[in-house]
Amino acid sequence: MSSNVNSVKNTLKVALGLCVVCSIVISSAAVILKPMQTANEILDRNKNILIAAGLFDPNVNTNADVEAMFAEFTPRMVDLDEGRYLTEEEMQSLGLDPQTYNQQTAKNDPEISGALGGEEDIASIRRRADYATVYVIQNDQGEYQSVVIPVSGYGLWGIMYGYLALESDGNTIRGIGFYDHQETPGLGGEISNPRWQAQWPDKEIYDENNEVAFRVVKGGGQGVHQVDALSGATLTSRGVENMIEFWLGERGFAPFLRNEVRS
């Protein structure tokens with residue numbers, strides 16, 4: 001009997017010891033690999049921004065080109081409600097860094113975000129961070145050449161995340177790219193197809209009254225404010241349209257574009 005009891009105790013001790021050792025190994029690996037993971041996340045983000053802006057061709061360029069190509073951009077933080085850039089002092093006070101700021105994580109922090117409801121949440125994202133990072137190219141005179149903004153909105157199965165690049169007028173589309181979504185391959189997943197994205201350059205967001213006029217049109221988008229909807233993916237197409245309407249509207253980047261870029 002005593003032998004059996006001791007056997008169980010010894011087994012538990014060995015199991016506990018293994019758990020402790022494994023947890024230490026896993027924790028150590030996570031700490032060691034964290035800088036590499038962060039670097040890869042930044043690389044992926046920068047590459048997707050370059051793709052949206054039409055500056056990175058996956059058939060020609062490689063990851064080794066990203067750092068030098070992305071150097072053209074300056075990341076800047078925007079107060080979405082006030083439609084202006086944050087000052088260095090404000091960023092320091094808020095503990096925000098445009099290089100590492102994660103807008104999707106920030107929207108869950110009640111200190112720097114707010115809930116959306118009703119008709120204002122046309123993109124169905126529920127919450128919106130107060131601040132966002134934009135990526136701009138300006139010449140020596142401070143004139144804009146391109147502005148890339150983060151966009152997101154609900155499709156058929158979940159939130160679609162991407163970047164929209166605008167020309168210097170803050171209205172004409174330079175390109176779009178999606179880096180994360182749950183849409184159905186071959187249907188809504190075609191938002192990542194370069195052939196569909198090729199419709200977007202030179203389309204315009206705003207009409208003559210500065211209202212968002214961009215539409216994703218079933219059956220062929222021919223106008224300056226239209227792109228063709230995805231075949232067999234009505235809800236995804238509608239989600240893309242709603243996403244653009246929200247983020248280029250008054251609760252999104254419209255005040256910033258009006259005050260800083262289009263002025």
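For the single chain, residues carry numbers from 1 onward in sequence order. No experiment lies behind these values; they were computed from the predicted model shown.
By the rule that hydrophobic residues join a cluster once side-chain heavy atoms approach within less than 4.5 Å of another member, L230 and Y179 end up as members of one cluster. Note on V216 and L235: separate hydrophobic clusters, where clusters join Ile, Leu, Val, Met, Phe, Trp and Tyr whose side-chain heavy atoms are under 4.5 Å apart, directly or indirectly. No single ILVMFWY cluster, assembled from side-chain heavy atoms under 4.5 Å apart, contains both V134 and L86. At a threshold of 4.5 Å between side-chain heavy atoms, the hydrophobic network of Ile, Leu, Val, Met, Phe, Trp and Tyr places I125 and Y101 in two separate groups.
A donor-acceptor pair under 3.5 Å is absent between the side-chain atoms of D109 and the main chain of A106, judged by distance alone. Using modelled atom types, no side-chain atom of T184 and backbone atom of L187 make a donor-acceptor pair closer than 3.5 Å. No donor-acceptor pair closer than 3.5 Å links the side chain of E82 to the backbone N or O of D79. Judged by distance alone, with hydrogens and angles left aside, the side-chain atoms of R127 form a donor-acceptor pair with the main-chain N or O of K107 at under 3.5 Å. A donor-acceptor pair under 3.5 Å is formed between the side chain of Q197 and the backbone N or O of I191. Within the 3.5 Å criterion, the main-chain N or O of S113 finds a donor-acceptor partner in the side chain of D130. Checking side-chain atoms of D57 against main-chain N and O of N61 turns up no donor-acceptor pair under 3.5 Å. With E120 contributing its side chain and L116 its backbone, the two residues share no donor-acceptor pair below 3.5 Å. Side-chain atoms of K203 never come within 3.5 Å of backbone atoms of V224 as a donor-acceptor pair (strictly under, hydrogens ignored). The backbone N or O of D228 lies less than 3.5 Å from a partner atom in the side chain of Q199, making a donor-acceptor pair.
Residues S152 and M160 are not in side-chain contact: their nearest non-hydrogen atoms beyond the backbone lie 4.5 Å or more apart. Between V261 and V136, every side-chain heavy-atom pair lies at or beyond the 4.5 Å cut-off. Proximity of Y161 to H181: side-chain heavy atoms (C-beta onward) are nowhere separated by under 4.5 Å. For the pair E167/N171, no side-chain contact is recorded, criterion being any heavy-atom separation below 4.5 Å from C-beta on. Inter-residue side-chain proximity for E211 and Y206 is flagged as unmet; no heavy-atom pair is nearer than 4.5 Å. When side chains are defined from C-beta on, P98 counts as touching M91, because their heavy atoms get closer than 4.5 Å. Between V212 and D207, every side-chain heavy-atom pair lies at or beyond the 4.5 Å cut-off. Residues F56 and V66 are in side-chain contact: their nearest non-hydrogen atoms beyond the backbone lie under 4.5 Å apart.
Here S237 contributes atom OG and K218 contributes atom NZ; the two are 9.0 Å apart, rounded to the nearest 0.5 Å. The CD1 atom of I42 sits 9.5 Å away from the CG atom of N40 when rounded to the nearest 0.5 Å. The OG1 atom of T236 lies 11.0 Å from the CD atom of Q182; values are rounded to the nearest 0.5 Å. M69 contributes atom CE, which lies 6.5 Å from atom CG of D65 (distance to the nearest 0.5 angstrom). Atom CG in N210 sits 12.5 Å away from atom CD1 in I205 (nearest 0.5 Å). Distance check, rounded to the nearest 0.5 Å: CG of N46 to CG of L55 gives 12.0 Å.
The pair D202-R174 does not meet the salt-bridge criterion, since no charged nitrogen lies less than 4.0 angstrom from a carboxylate oxygen.
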Side chain to side chain contact (heavy atoms under 4.5 Å, CB included) between R238 and M243, worked out:
CA-CA 8 Å; R238 186 179 303 158; M243 174 184 69; over 6 Å; no
Run F178 and D180 through side chain to side chain contact (heavy atoms under 4.5 Å, CB included) and show every step you take.
CA-CA 6 Å; F178 291 92; D180 187 21; over 6 Å; no
Go through the steps to decide whether N63 and K47 satisfy the test side chain to side chain contact (heavy atoms under 4.5 Å, CB included), and finish with yes or no.
CA-CA 8 Å; N63 287 347; K47 182 165 70 174; 3.0 Å; yes
Give the intermediate values and the outcome of salt bridge (charged side-chain N to carboxylate O under 4.0 Å, His left out) for residues R128 and D121.
CA-CA 9 Å; R128 190 217 66 181; D121 190 20; over 6 Å; no
Walk me through it: do E250 and R258 pass the test salt bridge (charged side-chain N to carboxylate O under 4.0 Å, His left out)?
CA-CA 10 Å; E250 291 302 314; R258 186 167 54 241; 3.0 Å; yes
Please test S168 against Q145 for side-chain hydrogen bond (donor to acceptor under 3.5 Å, both in side chains), starting from the C-alpha separation and ending with a verdict.
CA-CA 4 Å; S168 59; Q145 296 178 312; over 6 Å; no
Go through the steps to decide whether D81 and R251 satisfy the test side chain to side chain contact (heavy atoms under 4.5 Å, CB included), and finish with yes or no.
CA-CA 7 Å; D81 289 325; R251 293 289 278 142; 3.3 Å; yes
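More than 12 heavy atoms of other residues, nucleotides or ligands lie within 6.0 Å of CG in D97, so this atom counts as buried by the packing criterion. E67 CD: 12 or fewer foreign heavy atoms inside a 6.0 Å radius. Counting non-hydrogen atoms of other residues, nucleotides and ligands closer than 6.0 Å to CG of D140 gives a total of 12 or fewer. With a 6.0 Å radius and a threshold of 12 heavy atoms from other residues, nucleotides or ligands, Q141 has its CD atom above the threshold. At most 12 non-hydrogen atoms from other residues, nucleotides or ligands lie less than 6.0 angstrom from CH2 of W157. With a 6.0 Å radius and a threshold of 12 heavy atoms from other residues, nucleotides or ligands, R84 has its CZ atom above the threshold.
Ring-plane geometry between F253 and W247 is classed as tilted, the angle between the planes lying from 30 to 60 degrees on a 0 to 90 degree scale. Classified by interplanar angle (parallel below 30°, tilted 30° to 60°, perpendicular above 60°), the ring pair Y135/Y163 is perpendicular.
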